[in-house]
Student: 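Got a structure for you, questions after.
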Amino acid sequence: MEKTAIVPTRESNYPEWYQQVIVAADLAENSPVRGCMVIKPWGYAIWEQIQQQLDCKLKQTDHVNAYFPLLIPLSLLEKEAAHVDGFAKECAVVTHHRLVATAEGNLIPDGKLEEPLVIRPTSETIIGEMFAKWIKSYRDLPLKINQWANIMRWEMRTRIFLRTSEFLWQEGHTAHANKQEAIDETLQILDIYTNLVEDYLAMPVIKGEKPCFERFPGAVNTYCIEAMMQDKKALQAGTSHFLGQNFSQAAKIQFATKDGGLDYAWTTSWGVTTRLIGSLIMVHSDDNGLVLPPKIAPQQVVIIPIYRNEAEQQQVLDYCAKLNERIMNITFANAQVRSYIDKRDLRGGDKAWQWIKKGVPIRIEIGVRDIANGAVYFGRRDLPPQQKQSLPTDDFVSQLAAILDSMQANLLTKAKAFMQANIFNLENLEQFNQFFNEDQLISKGFASCYAIDDPQIEKFIKPLKVTARCIPLEQDASSGICIFTGKATAKKMIFAKAY
RNA sequence: CGGGGCGUAGCGCAGUCUGGUUAGCGCACUUGAUUUGGGAUCAAGGGGUCGUGAGUUCGAAUCCCACCGCCCCGACCA
């Protein structure tokens, strides 16, 4: 059997493989704080790329960034009943504002707060409170605010990037003068997320609406994009909520309408999180570690100098510097190529493998031989590590953008084919039970079935540890009967085991 | 919070049942030599209050008690 950089392989133990990819790529690690991760430089750099791309798209669509407090007064959270129900169980609460030392030298909380403060699990309530102050007239609408922040949800079981107690995200909050505009906003954001995830992270997704029993607490409609991991489980990659007037009524976001009336604003909220990094890992990576789509890779090219002595070293480093200069002048995906010379005092093979495990798209190895040939010797992350090629430098420089482009496209194509091959139409409940029950440990893919959007179908799926992922927005014209209730419906729903 | 497991070097572990000199091994780290277009080899070296506290004993990583922490399985979830 071939030696792989990651042990175990995806096939032998997928969850453990996932953890090992994170270790090998040095993305993040667990911290001394229960359920909270440290995002290490390489992992954070990926997040910064995601932020940059998304931030740009949000600004292009007239959203502006702002920042709201980490702590939310309990009374604010209480205002929207469904919202409270949804989040109460996972809130961390600040009850004191001072520590005092005991005789034993231990610190104990002192100075009890009049009103406990909740560490934000999401910011609808505090932002709604501010919106109520800012919005007086239809002229103040729409108000389209985004914030990049950390939030905390006290999770029982955590997994790096996929579910941690604290995580990073962006949360958008908008208010509109009428219902349709708010719905349009909700769907526009879903498109922006889809574009980010498919175009930059090269992850195909299914756009859909959450069934009513999976809705965001307090929302009228929740939309989502669902992705399929390599173990055929589902992962929600982003959500966008149409909140109707629920939150504006709770927070009293009222405005004078054009015709002199008074109305509650229509609001939306939406977010993507550092979980995207987890899905990026699980969609593309292989048994040699992380595989990064070129557009999102913090470094797209890494140059590894190969030399045997000091005389060679100087010559090789000079050559690398010039090559690096040329590469960084190449444009790819509307930006300069991100290239880096790895000058560390390590063996060439070590460096090469480290960058393979970190998922860098292009590794260049430059030794005296290449200098003599005026050539670039390089390996691609989408080909086996041993399979490398040499190109005259001019050719390499002129072809690099195209190579990165095709790598980006290939990743999406491959992932799309995988997802499509693993979505199955199931006709009836027997098929459904068989599909999900046969082996509880292994997921066979997504099931697409006629089903009504009703909480009563939950009792059929819960025992199988299956979740209703979404009702895809794109549906064919046909209709059928719900496999659970026998009622007529025009819509199919996607079911899957999920993270 | 219910059921199970585990705390020994930075990481992964052996040793604990059956107490006995100076607590080991692999990886990683440092140094030297030989190597060098593919994750090197050999040699030397550094690093531990054996989770914490109390106890039994001539003697505790090992036995007893209490506590703390972590992991896995359930209910919750971006």
Side-chain angles (χ1 to χ4, degrees), chain A residues 2-7 15-16 19-20 23-24 29-35 85-91 104 106 120-122 149-159 161-171 193 210 214-217 222-227 234-241 269-279 288-289 304-309 312-313 316 345-357 363-373 375-379 384-390 440-441 462-463 465 467 469 498-499:
Chain A
E2 209 173 315
K3 188 186 171 189
T4 57
I6 304 296
V7 180
E16 183 58 24
Q19 305 280 2
Q20 291 307 321
V23 172
E29 63 187 63
N30 283 315
S31 74
V33 188
R34 169 200 278 263
D85 276 356
F87 284 106
K89 296 179 292 289
E90 47 189 71
C91 285
E104 295 81 36
N106 298 317
R120 62 180 164 219
T122 178
N150 58 337
I151 62 172
M152 178 155 278
R153 296 181 187 176
W154 208 258
E155 298 290 349
M156 291 295 139
R157 287 191 55 212
T158 60
R159 286 185 80 188
F161 288 124
L162 297 179
R163 184 170 303 108
T164 47
S165 294
E166 183 191 18
F167 58 88
L168 305 184
W169 76 348
Q170 62 63 223
E171 52 179 321
Y193 286 164
K210 284 283 179 195
E214 296 283 353
R215 228 173 250 155
F216 176 77
T222 287
Y223 297 90
C224 63
I225 48 177
E226 293 287 330
L235 187 80
Q236 181 174 310
T239 52
S240 184
H241 315 293
S269 72
W270 27 273
V272 295
T273 77
T274 37
R275 175 184 261 192
L276 280 179
I277 299 172
S279 57
N288 286 321
I304 301 168
I306 307 280
Y307 45 81
R308 268 168 283 194
N309 52 53
E312 280 188 14
Q313 176 176 2
V316 170
D345 181 20
L346 283 178
R347 302 169 60 78
D350 279 330
K351 288 188 201 176
W353 277 100
Q354 285 184 17
W355 291 115
I356 289 169
K357 288 184 278 194
R363 306 180 310 280
I364 297 177
E365 296 168 16
I366 295 294
V368 284
R369 203 187 297 161
D370 308 295
I371 299 176
N373 297 339
V376 171
Y377 189 59
F378 70 101
Q386 301 77 12
Q387 190 178 325
K388 283 171 276 193
Q389 54 181 309
S390 189
Q440 289 277 2
L441 295 175
K462 266 205 163 165
K465 292 176 185 172
T467 52
R469 304 312 301 168
Y499 280 95

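These numbers were taken from a predicted model, which means no experiment stands behind them. Order of the sequence lines fixes the chain letters, A, B, ..., with proteins taken first and strands second; residue numbering starts at 1 for each chain.
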Student: Which nucleotide wins on minimum distance to the side chain of Glu155(A), given the candidates U36(B), G37(B), A78(B)?
Tutor: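 Of the options given, the side chain of Glu155(A) lies nearest A78(B).
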Student: For Glu90(A), which residues count as a salt bridge (charged side-chain N to carboxylate O under 4.0 Å, His left out) partner, sequence neighbours excluded?
Tutor: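 With neighbours one apart ignored, the set is empty.
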Student: Is there ring stacking between Trp169(A) and A78(B), where the centres must be under 5.5 angstrom apart and the planes under 30 degrees?
Tutor: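 So no, this residue does not stack on that base, at least one cut-off failing.
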Student: Could you measure between the two C1' atoms, the one in A75(B) and the one in A23(B), and give it in whole Å?
Tutor: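 The same atom, C1', in both gives a distance of 43 Å.
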Student: Would you mind classifying the nucleic acid contact of Gly271(A) as base, sugar-phosphate or nothing, using non-hydrogen atoms under 4.0 angstrom?
Tutor: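 Contact class for Gly271(A): none.
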Student: Quick one: list whatever passes ring-ring contact (aromatic ring centres under 6.0 Å, His included) with Trp355(A), sequence neighbours left out.
Tutor: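 Trp355(A) satisfies ring-ring contact (aromatic ring centres under 6.0 Å, His included) with Trp42(A), Tyr340(A) once adjacent residues are dropped.
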Student: Within the 4.0 Å heavy-atom criterion, would you say Tyr499(A) contacts the bases, only the backbone, or no part of the nucleic acid?
Tutor: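 If one applies the 4.0 Å heavy-atom cut-off, Tyr499(A) turns out to touch nothing in the nucleic acid.
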Student: Between atom OG of Ser390(A) and atom CD1 of Ile364(A), what is the distance when rounded to the nearest 0.5 Å?
Tutor: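 So the OG of Ser390(A) and the CD1 of Ile364(A) are separated by 11.0 Å.
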Student: What residues, two or more places apart in sequence or in another chain, satisfy side chain to side chain donor-acceptor pair (under 3.5 Å) together with Ser269(A)?
Tutor: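 For Ser269(A) the side chain to side chain donor-acceptor pair (under 3.5 Å) partners, ignoring immediate neighbours, are Glu124(A).
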Student: Of the listed nucleotides (G37(B), C76(B), A78(B)), which one gets closest to any side-chain atom of Glu90(A)?
Tutor: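 Shortest atom-to-atom distance from the side chain points to C76(B).
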Student: Rounding to the closest angstrom, what is the interatomic distance between C25(B) and C72(B) at atom C1'?
Tutor: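 Between the two C1' atoms, the distance is 27 Å.
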Student: Distance criterion of 3.5 Å, no angle test: do you see the side chain of Gln386(A) paired donor-to-acceptor with the base of G38(B)?
Tutor: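 There is none.
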Student: Taking side chain to side chain contact (heavy atoms under 4.5 Å, CB included) as the test, write out the residues that go with Leu235(A), two or more places apart.
Tutor: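 Only Leu162(A), Met229(A), Arg275(A), Ser279(A), Tyr499(A) meet the side chain to side chain contact (heavy atoms under 4.5 Å, CB included) criterion with Leu235(A).
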Student: G12(B) and C73(B): how far apart are their C1' atoms, nearest whole angstrom?
Tutor: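 My reading of the C1' atoms in G12(B) and C73(B) gives 23 Å.
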Student: Looking at G37(B), U35(B), C76(B), which one has an atom nearest to any side-chain atom of Arg347(A)?
Tutor: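 Nearest listed nucleotide: U35(B).
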Student: Thr273(A) side chain: which of C76(B), A78(B), G37(B) is closest?
Tutor: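 The closest nucleotide is A78(B).
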Student: Using the C1' atom as the reference point in each nucleotide, state the distance between C76(B) and A61(B) in Å, no decimals.
Tutor: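 It works out to 39 Å between them.
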Student: If you only use heavy atoms from C-beta on, which nucleotide in G37(B), G38(B), G39(B) is closest to the side chain of Ile306(A)?
Tutor: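 Looking only at heavy atoms from C-beta outward on Ile306(A), the closest nucleotide is G38(B).
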Student: Please give, in whole Å, the distance from G39(B) P to Trp353(A) CH2?
Tutor: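 So the two atoms are 9 Å apart, to the nearest Å.
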Student: Indicate whether OP1 or OP2 belonging to U36(B) is found under 4.0 Å from a side-chain N or O atom of Arg308(A).
Tutor: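 Negative; the distance criterion is not met.
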Student: Can you name the residues that form a ring-ring contact (aromatic ring centres under 6.0 Å, His included) with Tyr193(A), not counting sequence neighbours?
Tutor: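 With neighbours one apart ignored, the set is empty.
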Student: Going by the rule side chain to side chain donor-acceptor pair (under 3.5 Å), which residues pair with Glu16(A) if we only count those two or more places apart in sequence or in a different chain?
Tutor: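 Partners of Glu16(A) under the side chain to side chain donor-acceptor pair (under 3.5 Å) test: Gln20(A).
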Student: How far does the P atom of A60(B) sit from the matching atom of G53(B), given to the nearest Å?
Tutor: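 Between the two P atoms, the distance is 15 Å.
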Student: With C1' as the reference atom in both, quote the distance from C63(B) to U56(B) in angstrom, rounded to an integer.
Tutor: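 Rounded to whole Å, the distance is 8 Å.
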Student: When rounded to the nearest 0.5 angstrom, what distance separates NZ in Lys351(A) from CZ in Arg363(A)?
Tutor: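 The NZ atom of Lys351(A) sits 14.0 Å away from the CZ atom of Arg363(A).
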Student: Between the protein and nucleotides 70-73 of chain B, which nitrogen or oxygen pairs are less than 3.5 angstrom apart?
Tutor:
from, atom 1, to, atom 2, distance (Å)
C70(B), OP2, Arg34(A), NH2, 3.4
C73(B), OP2, Arg157(A), NE, 3.2
C73(B), OP2, Arg157(A), NH1, 3.3
C73(B), OP2, Arg157(A), NH2, 2.4

Student: Going by side chain to side chain donor-acceptor pair (under 3.5 Å), name the residues that satisfy it together with Thr222(A), two or more places apart in sequence or in a different chain.
Tutor: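 Listed in chain order: His241(A).
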Student: Quote, to the nearest angstrom, the C1' distance that separates C29(B) from G48(B).
Tutor: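 Comparing C1' positions in C29(B) and G48(B) gives a spacing of 16 Å.
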Student: Quick one: label Leu162(A) by what it contacts on the DNA or RNA (base, sugar-phosphate, nothing), any heavy atom closer than 4.0 Å.
Tutor: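 Counting heavy atoms under 4.0 Å across all strands, the contact made by Leu162(A) includes a base.
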Student: What residues, two or more places apart in sequence or in another chain, satisfy side chain to side chain donor-acceptor pair (under 3.5 Å) together with Glu312(A)?
Tutor: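 With sequence neighbours excluded, Glu312(A) shows a side chain to side chain donor-acceptor pair (under 3.5 Å) to no residue whatsoever.
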Student: Please list, pair by pair, any protein nitrogen or oxygen found under 3.5 Å from a nitrogen or oxygen in nucleotides 26-31 of chain B.
Tutor:
none

Student: How does RNA chain B look in dot-bracket form if you count Watson-Crick and G-U pairs under 3.5 Å, write [ ] for pairs that cross, and put | where a base pairs with another strand?
Tutor: ((((((((.[[[[.)....(...]]]].((((((.....)))))).....[[[.[..)....].]]])))))))....
Student: Want to settle it: does Thr239(A) or Asp370(A) sit nearer the 5' end of RNA chain B, counting the closest nucleotide to each?
Tutor: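 The residue closer to the strand's 5' end, by nearest nucleotide, is Asp370(A).
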Student: Please identify each residue that fulfils ring-ring contact (aromatic ring centres under 6.0 Å, His included) with Tyr377(A), with sequence neighbours left out.
Tutor: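 Residues passing ring-ring contact (aromatic ring centres under 6.0 Å, His included) with Tyr377(A): none at all.
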Student: May I ask you to say what Ala237(A) touches in the nucleic acid, namely base, sugar-phosphate or nothing, with a heavy-atom cut-off under 4.0 Å?
Tutor: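 No contact.
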Student: Can you find a side chain N or O atom of Lys462(A) that sits less than 4.0 Å from OP1 or OP2 on C76(B)?
Tutor: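 Yes, Lys462(A) has a side-chain N/O under 4.0 Å of OP1/OP2 on C76(B).
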Student: Assign each of Gly238(A) and Asn309(A) to its nearest nucleotide of RNA chain B by heavy atoms, then name whichever residue's nucleotide is nearer the 5' end.
Tutor: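 Mapping each residue to its closest nucleotide by heavy atoms, the 5'-most match is Asn309(A).
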Student: Remember a base hit wins even if backbone is also touched, and classify Val368(A) as base, sugar-phosphate or nothing at under 4.0 Å, heavy atoms.
Tutor: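 Contact class for Val368(A): base.
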Student: Which one, U36(B), G39(B), G38(B), comes nearest to the side chain of Lys388(A)?
Tutor: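 Nearest nucleotide to the side chain: G38(B).
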